[in-house]
Amino acid sequence: MENELIELDGATLTLEELLEKYQVCLDAEKRLKKRAKKALNRRLQEQSLKPYQAELLKMQKYLEKTGKRMVILFEGRDASGKGGTIRRVTRYMNEKHYRVVALGKPTDEQRSQWFFQKYVAQLPRGGETVLFDRSWYNRAMVEPIFGFCTPEQYQNFMLGVTGFEKDLVRQGTILVKLYFSVTKEEQEARFERRKTDPLRQWKLSEVDVQAQERWDDFTNQKYEMLKRTHTNHAPWTVIRSNDKYLARLNAMKVILNSVPYDREGSELDFVPDPNIVISGSREVENMEAERLRSGKFRA
C-alpha cells in the first residue's frame with residue numbers, strides 16, 4: 001500500500017507524497033483563513049472609527065465657525081502608534097483647516113534662535129488645527145538622552161515650557177497633550193516588523209535602533225516630563241497603545257472631549273476607556289508606586 005503509485009495532474013506520486021501535499025494544502029488554508037480573519041477584523045475596526053471621524057469633522061466646523069485655534073501634541077516612545085493615530089484622526093478632515101507638523105533637525109539659524117521660535121512659526125491661525133508629530137517635548141525626552149542638548153538647555157526648557165503653554169491657553173488656544181505609552185516587549189515586536197517588512201523599513205531610524213537599549217533612560221525622562229509639565233492649564237493624557245485600535249479610538253475621544261462643539265443627536269459613547277486613558281498625574285503616581293515596590297519605574 002505504501003508503494004502504491006497515484007496519478008495526480010499528470011504526475012505520479014506515492015501515497016506518502018500525496019499525504020504530504022495534502023498537509024501542505026491544509027496548512028496553507030489555515031494561514032489563508034487566519035490572514036482573512038485578521039483582515040476582516042481590521043476592516044471592522046476601521047469602520048467602527050468612522051462615526052468618531054465624522055464627529056471630528058463637526059469639531060473642525062466648530063473651530064472654523066468660532067475662529068478658535070487648536071494644537072494637539074503627539075508624544076511617546078518610538079513605535080508607540082503616534083503616526084497611525086494621526087492618520088486616522090485627519091483621514092476625513094478638511095485639509096484647508098488642519099496641518100500635521102513633523103519638524104526635522106534644527107538648522108544652524110534655528111539653533112541660534114529662542115528654542116520655541118520654530119514651533120511658534122507653526123502654530124495655528126484662527127479656525128485651524130495643528131497636529132505635532134513630536135513637538136517641543138523633544139527637548140524633554142530625546143535630546144537629553146542622546147546629547148543633542150546641554151544640561152543647561154534642558155533645565156531652561158523644563159523651567160520655561162509650562163509658562164509658554166500657559167500663555168498659549170490663556171490666549172485662547174485649545175491645547176491637547178497626548179503621550180502614547182507602549183510596553184518594551186511590544187515596542188521590540190514592532191521594531192522587528194519594521195526590519196522585515198519592506199513597507200515599514202523607512203520608519204526605522206538610528207534612534208530606533210538604540211531605543212530598546214536606552215529603555216530605562218527614556219522611562220526616567222518620561223517620569224520627569226510628566227511630573228514637571230503636567231499642569232491644570234495644560235495636562236498630559238497618557239494613552240496605553242499596545243492595542244493600536246483601542247489607542248486610536250480613545251485618542252479620538254480625548255480630542256473630541258476637549259472641544260465644546262454641539263453633539264446634539266449623537267448616540268456615540270464619548271467616555272474614554274479607563275484601562276487605556278490615564279491622566280498624567282495618575283501615571284506619575286503609578287510610576288512612583290512601582291518604584292517603591294520593585295526599586296525601579298514602570299514603563
Side-chain angles (χ1 to χ4, degrees), residues 71-80 82-83 101-123 130-170 173 175-182 184 187 205-239 278-288 290-291 295-299:
V71 171
I72 310 172
L73 309 186
F74 289 79
E75 292 291 342
R77 297 179 192 266
D78 293 308
S80 61
K82 301 181 296 298
V101 176
L103 299 181
K105 292 181 180 180
T107 63
D108 290 339
E109 181 180 0
Q110 287 172 336
R111 288 192 186 96
S112 69
Q113 295 172 343
W114 175 48
F115 174 75
F116 291 104
Q117 193 163 336
K118 64 179 179 180
Y119 296 103
V120 169
Q122 299 294 336
L123 291 178
V130 171
L131 304 92
F132 282 93
D133 186 355
R134 294 199 180 279
S135 66
W136 44 84
Y137 281 102
N138 262 343
R139 178 138 294 182
M141 294 286 292
V142 176
E143 291 188 14
I145 291 174
F146 291 99
F148 298 155
C149 70
T150 65
E152 182 182 9
Q153 288 172 326
Y154 167 75
Q155 291 299 337
N156 284 338
F157 170 82
M158 296 298 281
L159 290 170
V161 65
T162 55
F164 171 71
E165 291 174 349
K166 187 173 184 178
D167 277 348
L168 282 182
V169 174
R170 182 174 56 81
T173 299
L175 178 60
V176 179
K177 300 182 344 188
L178 303 177
Y179 183 92
F180 287 74
S181 180
V182 67
K184 187 175 184 181
Q187 186 192 57
S205 68
E206 289 298 323
V207 172
D208 292 342
V209 173
Q210 300 183 53
Q212 287 273 297
E213 297 174 6
R214 309 294 294 269
W215 181 267
D216 289 341
D217 293 334
F218 276 100
T219 302
N220 291 334
Q221 292 301 132
K222 169 191 172 182
Y223 171 76
E224 289 296 326
M225 181 185 76
L226 293 180
K227 184 179 180 180
R228 297 174 62 178
T229 66
H230 177 88
T231 61
N232 290 333
H233 53 267
W236 278 104
T237 299
V238 177
I239 308 287
I278 300 97
S279 75
S281 57
R282 177 59 59 85
E283 183 77 341
V284 168
E285 291 174 0
N286 291 341
M287 294 178 75
E288 289 175 343
E290 184 64 25
R291 183 172 60 176
K296 63 183 294 185
F297 286 130
R298 184 175 61 82

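Just so it is clear, the values below take in all heavy atoms, side chains as well, and ignore hydrogens, waters and symmetry mates. Just so you know, residue 1 is the first one in the sequence shown, and it goes up from there.
Taking the side chain as every heavy atom from C-beta outward, Ile72 and Phe132 never approach each other to under 4.5 Å. In this structure, Tyr137 and Leu73 have side chains that are in contact, with non-hydrogen atoms separated by less than 4.5 Å. Contact of the Val101 side chain with the Tyr119 side chain is not registered, since no non-hydrogen atoms from C-beta on lie closer than 4.5 Å. Considering only heavy atoms from C-beta on, Val176 comes within 4.5 Å of Leu178 through its side chain.
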Test Thr231 against Thr229 for side-chain contact (heavy atoms from CB on, under 4.5 Å), laying out the working first. CA-CA 6 Å; Thr231 61; Thr229 66; 5.8 Å; no
Report the C-alpha distance between Ser80 and Glu75 in whole Å, list the side-chain angles of each, state the deciding distance to 0.1 Å, and finish with yes or no for side-chain contact (heavy atoms from CB on, under 4.5 Å). CA-CA 9 Å; Ser80 61; Glu75 292 291 342; over 6 Å; no
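Closest of all the heavy-atom pairs between Arg77 and Thr219 is NH2-OG1, 2.5 Å. Taking every heavy atom of both residues into account, Gly280 and Val238 meet most closely at CA-CG2, 4.3 Å. For the pair Thr107 and Gln110, the tightest heavy-atom approach, listed with the atom from each and the gap, is N-OE1, 3.0 Å. Among all heavy-atom pairs drawn from Phe146 and Phe218, the shortest one is CE1-CZ, 3.6 Å. Nearest heavy atoms, Pro144 versus Arg139: CD-O, 3.1 Å.
Judged purely by atom type and a 3.5 angstrom limit, Glu224 has no side-chain atom pairing as donor or acceptor with the backbone of Gln221. Between the side chain of Tyr179 and the backbone N or O of Phe74, no donor-acceptor pair lies under 3.5 Å. Looking only at distances, no side-chain donor or acceptor of Arg134 sits under 3.5 Å from a matching main-chain atom of Ala102. The main-chain N or O of Ile278 is never found under 3.5 Å from a side-chain atom of Glu283 such that the two would form a donor-acceptor pair.
Distance check: Thr150 OG1 to Glu143 CD gives 10.0 Å after rounding to the nearest 0.5 Å. A distance of 12.5 Å separates CG of Asn220 from CE of Met225, quoted to the nearest 0.5 Å.
Taking Asp217 as the reference, Ile145, Arg214 meet the side-chain contact (heavy atoms from CB on, under 4.5 Å) condition, with sequence neighbours excluded. Residues passing the side chain to side chain donor-acceptor pair (under 3.5 Å) test with Gln122 are Arg99, sequence neighbours excluded. Shown here are the side chain to side chain donor-acceptor pair (under 3.5 Å) partners of Gln117, two or more places apart in sequence or in another chain: there are none. Legend: residues meeting side chain to side chain donor-acceptor pair (under 3.5 Å) with Tyr223, ordered by chain and number and at least two apart, are Lys227, Glu288. With sequence neighbours left out, Asp133 forms a salt bridge (Lys or Arg N to Asp or Glu O under 4.0 Å) with no residue at all. Checked against side-chain contact (heavy atoms from CB on, under 4.5 Å), Ser112 has no partners two or more places apart in sequence or in another chain. Residues passing the salt bridge (Lys or Arg N to Asp or Glu O under 4.0 Å) test with Glu165, sequence neighbours excluded: Lys177. Taking the side-chain contact (heavy atoms from CB on, under 4.5 Å) definition, one finds that Thr173 meets it with Arg69, Val71, Leu168, sequence neighbours left out. Partners of Ala211 according to the side-chain contact (heavy atoms from CB on, under 4.5 Å) rule, which considers only residues two or more places apart in sequence or in another chain, are Asp78, Gln187, Phe191. A search for salt bridge (Lys or Arg N to Asp or Glu O under 4.0 Å) contacts involving Arg282 returns Glu285, not counting sequence neighbours. By the salt bridge (Lys or Arg N to Asp or Glu O under 4.0 Å) test, Lys184 is found to be paired with no residue, residues two or more places apart in sequence or in another chain being considered.
Heavy-atom neighbours of Lys166 NZ from other residues, nucleotides or ligands within 6.0 Å: at or below the threshold of 12.
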Pairs under 3.5 angstrom only: tabulate donor-acceptor contacts from the side chains of residues 154-164 to other protein residues two or more places apart or in another chain.
unit_1, atom_1, unit_2, atom_2, d
Gln155, OE1, Arg228, NH2, 3.4
Asn156, ND2, Glu152, O, 3.4

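In this structure, a donor-acceptor pair under 3.5 Å is absent between the side chains of Trp236 and Ser279.
Salt bridge annotation for Lys296-Glu290: absent, with no cationic side-chain nitrogen under 4.0 angstrom from a carboxylate oxygen.
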